[in-house]
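Working notes for the structure below.
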Amino acid sequence: MAQDSQARLGEVYDFVIVGSGGGSMAAALVVKAMGLTPLILEKTDLFGGTTSKSGGILWIPANRFMAADGVEDSADRAMTYLDHVVGDHNDMPGATRARRLAYITQAPLMVDFLVEQGIALKRHPYWPDYYSNLPGAVEQGRAVFADLFDANLLGDLRHKLRPNFVPLPIKSEEMWDLPLIHTTWRAKRTMVKVALRIAAAKLTGRNWVGSGAALQGRMLHRAQQLGVDMHTDAGVERLLTDENGRVTGVIARIDGEERHIGARLGVLVNAGGFAHNQGMRDLYQPGTSSEWTATAPGDTGEMIQEMMRVGGAIAQMGEMVGNQIALPPGQPGRIAMVVSELAKPHSIVVDQSGERYLSEAQSYMSFCQAMLERNKTVPAVPSWMIFDSQYARKYMVAGTMPGSKKPPAWLDEGWLKTAGSLAELAQQCGIDAARLTATAERFNGFVARGVDEDFGRGGSAYQRFLGDSAQKPSPSLGTVEQGPFYAYPFYPGDVGTYGGVITDCDARVLREDGSAIPGLYATGTSTASVMGGAYPGAGSSVGPSFVWGYVAARHATGAA
Ligand SMILES: Cc1cc2nc3c(=O)[nH]c(=O)nc-3n(C[C@H](O)[C@H](O)[C@H](O)COP(=O)(O)OP(=O)(O)OC[C@H]3O[C@@H](n4cnc5c(N)ncnc54)[C@H](O)[C@@H]3O)c2cc1C
């Protein structure tokens, strides 16, 4: 076990938190509430992590908002659901039944705590659990999110809040309307509301941010109000340990200067995963690329390696929260997140042989798992999104508005293929023409009968939710038959890795022999997820990051 001299400790806090993601500020608020001193150290120049960039949804079973709205749920029901979705697997030590139960027990308490702290949270009115046909699922969903936040309340710190992936003052429940602007009145009304909100903000000097930026903005604001010490440009390079292997502090580089900082009660690592570390990806997730990730740039994995150095055991490193992405040309570095586009009617997804091989409307993690699995036998990375002119009129294409003129580079560089017939389109994509035509004809037959007999597309509340409510009889199914036809390639990208150090029900980092490393806690995507290899519902990453951060701080401070 490595030991480090404590002699050069310049400053000492009660609890040192590495990273400023989901669980970090929740932990800091707990420590402050106990009258103790937390310190948050963030490596990049912005606070908030991928959490700030994200949808900001937390998956919280049996939460107070469901109870208030009469949506039935309970810990037992949620456990039934997780037993079916996650299950017990020896190779998933982060997702033991004990940990799942601890999560379900602590999650609503964590939300109660945040509400007491003045964080304005609400329930998403309808976002079905992702396996909505399984026992214990809740069709309305268990998604909690933060109300829009006026970033100007942060004063100068507003420039330090990582922006969201949607740079609009749009509420989480409104986001789903955006792609349906050409098909539903509700979406049109929502767009008018958002436009008025933008205009009013200009007049009143508000700086509304939504989704993850609203969540992290609110957390940052509360931390600021309570006087939590926080630094950006403060990368932690090393964990300090004493002669017994207890973690006693960190070495951080703050604004370029090396600082040794003591932690009386412990260190919480909430430093994200390794989505941007191609070396770790090659080792643990071969065939995936750091160019396909939508995570924030700090997701580079070195703190997972550092926790391994002091004895932490790792697991579930092969898991990621897959998310289908496209790489349209013309805007280097831009990733188009196409999950909901692929699930809209009048389109199919095929592998490079021209076959459908999955339900296009299943949840993103399982979709990408299916892509990578398929690729072992038939080339499926990239796969092709195939759609017709009905689709092009009604729905978004790689993030552009329905029916809008597409950037010239898309066609000039041959990224977006278009042709008068499916056979011609197939040739452009290097797909067997007869195969693609037959696949589309078979699919059109399913549309006529209202059931996808091959893969059950649209067969659950969640899958229909991803479709178009104006499409009858199934929101997921529409023929692919009216030319011109279009195609673009897409990849199994991700919104984060999902494996890391193994932690126990108190969020303590465990060694291979199952003993806890004293003074070391971890949460978020630095850990082996409590959800194992599955994504039960919206918020299955941010929810656990917050909950285990809260649990860790309560354990370390003796509040538990
Ligand atoms: C567009 C998008 C939408 C998403 N929507 C959702 C959603 O709605 N709900 C959901 O559950 N998940 C969602 N996800 C996934 C989710 O956002 C992430 O999995 C989650 O936010 C990770 O949180 P975290 O707390 O583990 O890490 P992060 O929020 O990424 O925070 C980790 C922080 O640690 C910092 N750091 C790293 N190394 C060091 C170091 N050595 N020293 C100091 N700091 C360090 C990083 O810079 C980073 O700021 C989404 C992701 C994306 C990209």
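When a ligand or atom number is given, it counts from 1 through the structure's own listing order. Count residues from 1 along the sequence. When reading the values below, keep in mind they use all heavy atoms of this one structure, side chains included, and skip hydrogens, waters and symmetry mates.
- Taking distance alone, with nitrogen or oxygen atoms compared against 3.5 Å, Gly55 approaches ligand 1 more closely than that limit.
- Across the listed options Leu58, Thr523, Val236, Val236 owns the non-hydrogen atom lying nearest to atom 42 (N) of ligand 1.
- The distance criterion of under 3.5 Å between nitrogen or oxygen atoms is met by Lys43 with respect to ligand 1.
- The protein atom (non-hydrogen) at minimum distance from atom 19 (O) of ligand 1 is Ser541 CB, 3.2 Å.
- When hydrogens are left out, the protein atom nearest atom 27 (O) of ligand 1 is Gly272 CA, 3.7 Å; that is the closest non-hydrogen contact.
- Contact detail for Val349 and Glu360: the closest heavy-atom pair is N-OE2, 3.0 Å.
- For the residue pair Asp73 and Ala78, the shortest heavy atom distance occurs at OD1-N, 4.2 Å.
- The shortest heavy-atom distance from Gly212 to ligand 1 is not under 4.0 Å.
- Ligand 1 is never approached by Trp548 to a heavy-atom distance shorter than 4.0 Å.
- Looking at ligand 1, you'll find an N or O of Gly56 within less than 3.5 Å of one of its N or O atoms.
- Scanning the protein heavy atoms around atom 31 (O) of ligand 1, the nearest turns out to be Gly21 CA, 3.2 Å.
- At the shortest separation from atom 25 (O) of ligand 1 among protein heavy atoms lies Ser545 OG, 2.7 Å.
- The protein heavy atom nearest to atom 53 (C) of ligand 1 is Ala294 O, 3.1 Å.
- Below 30°, between 30° and 60°, or above 60°: for Phe465 and His124 the angle between ring planes is above 60°, a perpendicular geometry.
- Within the 4.0 Å heavy-atom criterion, neither part of Arg162 lies near ligand 1.
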| field | Asp299/Lys53 under salt bridge (Lys or Arg N to Asp or Glu O under 4.0 Å): CA gap, chis, key distance, verdict | value | CA-CA 12 Å; Asp299 212 71; Lys53 218 184 149 184; over 6 Å; no
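- Close to ligand 1: Met337, with a non-hydrogen atom less than 4.0 angstrom away.
- Under a 4.0 angstrom heavy-atom cut-off, Ser172 registers as lying outside contact with ligand 1.
- The shortest N/O to N/O separation between Thr295 and ligand 1 does not fall below 3.5 Å.
- Each of Trp59, Tyr131, Tyr462, Tyr364 was checked for a ring-ring contact (aromatic ring centres under 6.0 Å, His included) with Tyr535, and the lone residue meeting it is Tyr364.
- Backbone and side-chain nitrogen or oxygen atoms of Val542 are examined, and one is located within less than 3.5 angstrom of a nitrogen or oxygen of ligand 1.
- Contacts between Tyr535 and ligand 1, counted as non-hydrogen atom pairs separated by less than 4.0 Å, involve the side chain only.
- Among protein heavy atoms, the minimum distance from atom 48 (C) of ligand 1 is reached at Glu42 OE1, 3.5 Å.
- Contact annotation: Leu41 has at least one heavy atom less than 4.0 Å from an atom of ligand 1.
- Using a 4.0 Å heavy-atom cutoff, Gly496 is absent from the residues neighbouring ligand 1.
- Residue contacts with ligand 1: Ile57 is placed with a nitrogen or oxygen under 3.5 Å of a nitrogen or oxygen of the ligand (distance criterion only).
- Around CD of Glu291, the count of heavy atoms belonging to other residues, nucleotides or ligands within 6.0 Å does not exceed 12.
- Atom CD1 of Ile251 sits about 10.0 Å away from atom CD1 of Ile261, to the nearest 0.5 Å.
- Atom 28 (P) of ligand 1 has Thr50 N, 3.5 Å as its closest protein atom, hydrogens excluded (heavy atom only).
- Ala296 does not count as a contact of ligand 1, since none of its heavy atoms falls under 4.0 Å from the ligand.
- Look at Arg100 and Asp83 and you find a salt bridge, because one of the NZ, NE, NH1 or NH2 atoms lies within 4.0 Å of a carboxylate O, short of that distance.
- Between Glu42 and Lys160 there is no salt bridge, since no side-chain N of the basic residue sits under 4.0 Å from a carboxylate O of the acidic one.
- In this structure, Ile335 and Trp292 approach most closely via the heavy-atom pair CD1-C, 3.9 Å.
- When only interatomic distances are considered, the shortest N/O to N/O separation between Ser526 and ligand 1 does not fall below 3.5 Å.
- Taking both residues in full, the closest heavy atoms of Pro38 and Tyr13 are given as O-CD2, 3.6 Å, listed atom of the first, atom of the second, then distance.
- Taking 4.0 Å as the cut-off, Ser20 counts as a neighbour of ligand 1 on heavy-atom distance.
- Atoms CG and CZ, on Leu29 and Arg222 in that order, are 7.0 Å from each other to the nearest 0.5 Å.
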| request: Could you give me the CA-CA distance, side-chain angles and deciding distance for Glu306 and Arg238, then say whether side-chain contact (heavy atoms from CB on, under 4.5 Å) is met? | output: CA-CA 7 Å; Glu306 179 59 8; Arg238 202 171 169 87; 3.5 Å; yes
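- What sits closest to atom 29 (O) of ligand 1 on the protein, heavy atoms only, is Thr51 OG1, 2.5 Å.
- Aromatic ring orientation, Trp176 versus Trp127: perpendicular (interplanar angle above 60°, classes split at 30° and 60°).
- Considering backbone and side-chain N/O of Thr300, none are found under 3.5 Å from N/O of ligand 1.
- Phe15 and Tyr521 have perpendicular rings, their planes meeting at more than 60° on a 0 to 90° scale where under 30° would count as parallel.
- In plain terms, the two heavy atoms of Ile314 and Ile304 that are nearest each other are CG2-CG2, 4.0 Å.
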